[in-house]
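Below is one structure, written out as structure tokens; the observations come after it.
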Amino acid sequence: MAISEKPALLVSACLLGSLCRYNGKGELHEGVQGLMSRYTLVPVCPEIYGGLPTPRVPAERKGDRVLGKNGEDVTAQYEKGAREALRLAQLYHCRGAVLKERSPSCGSGQIYDGSHTRTLVSGDGVTAELLKAHGILVFGESEIYKLEKLIDDMERMCYTI
Ligand code: SF4
């Protein structure tokens, strides 16, 4: 299969080992790396796209806002980064995304509650929420198998229609 024929998947850049996390770290995730043979991976880091530095003050969602541990409101930066991630997802026709779990940008299904006490609540990061609102399937790195099954099923349906 030629690279251009592979379906595109959006992925959090830190899962590919980019050193873009708030603490200046990143880690190549084996499962995400394993997707490379089958998909064209499109790495994004919404927090960098939003104009935030690395390393940066950790932030968490609190209601509609995103607040740094120092109290700074960084909602605008998170929203800007989310819009850029969505633009790239649409440019590459990504139907799915594998995003870093629990992040205030990339987290899907569970995020920290805004108290900076590592307390998890149901919810999505700002980017995951925007992608989902535009019909993109979002999964965390521990859910790669679910994403692959869904895309397989969708492709099978396309071939049988
Ligand atoms: Fe990783 Fe997403 Fe945070 Fe960037 S914004 S460091 S890609 S979790």
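All values derive from a computational prediction rather than experimental measurement. Counting starts at 1 for both ligands and their atoms, following the listed order.
With hydrogens and angles ignored, the 3.5 Å screen pairs a side-chain donor or acceptor of S12 with a backbone N or O of K100. Judged by distance alone, the side chain of Q77 and the main-chain N or O of G51 form no donor-acceptor pair under 3.5 Å.
Note that CZ of R65 is 13.0 Å distant from OH of Y78, once rounded to the nearest 0.5 Å.
Counting only protein N, O or S atoms closer than 2.8 Å to atom 4 (Fe) of ligand 1 gives 1.
Short contacts between ligand 1 and R56, defined as distances under 4.0 Å to a heavy atom of the residue, involve ligand atoms 6 (S).
Residues passing the side-chain hydrogen bond (donor to acceptor under 3.5 Å, both in side chains) test with S122: none are found, sequence neighbours excluded. The side chain to side chain contact (heavy atoms under 4.5 Å, CB included) test applied to S103 returns E47, S105, C106, not counting sequence neighbours.
Residue pairs meeting the side-chain hydrogen bond (donor to acceptor under 3.5 Å, both in side chains) criterion with at least one member in residues 17-28, sequence neighbours excluded, do not occur.
At a 4.0 Å heavy-atom cut-off, ligand 1 does not touch E27 at all.
Under a 4.0 Å N-O distance rule, the pair K146/E143 qualifies as a salt bridge.
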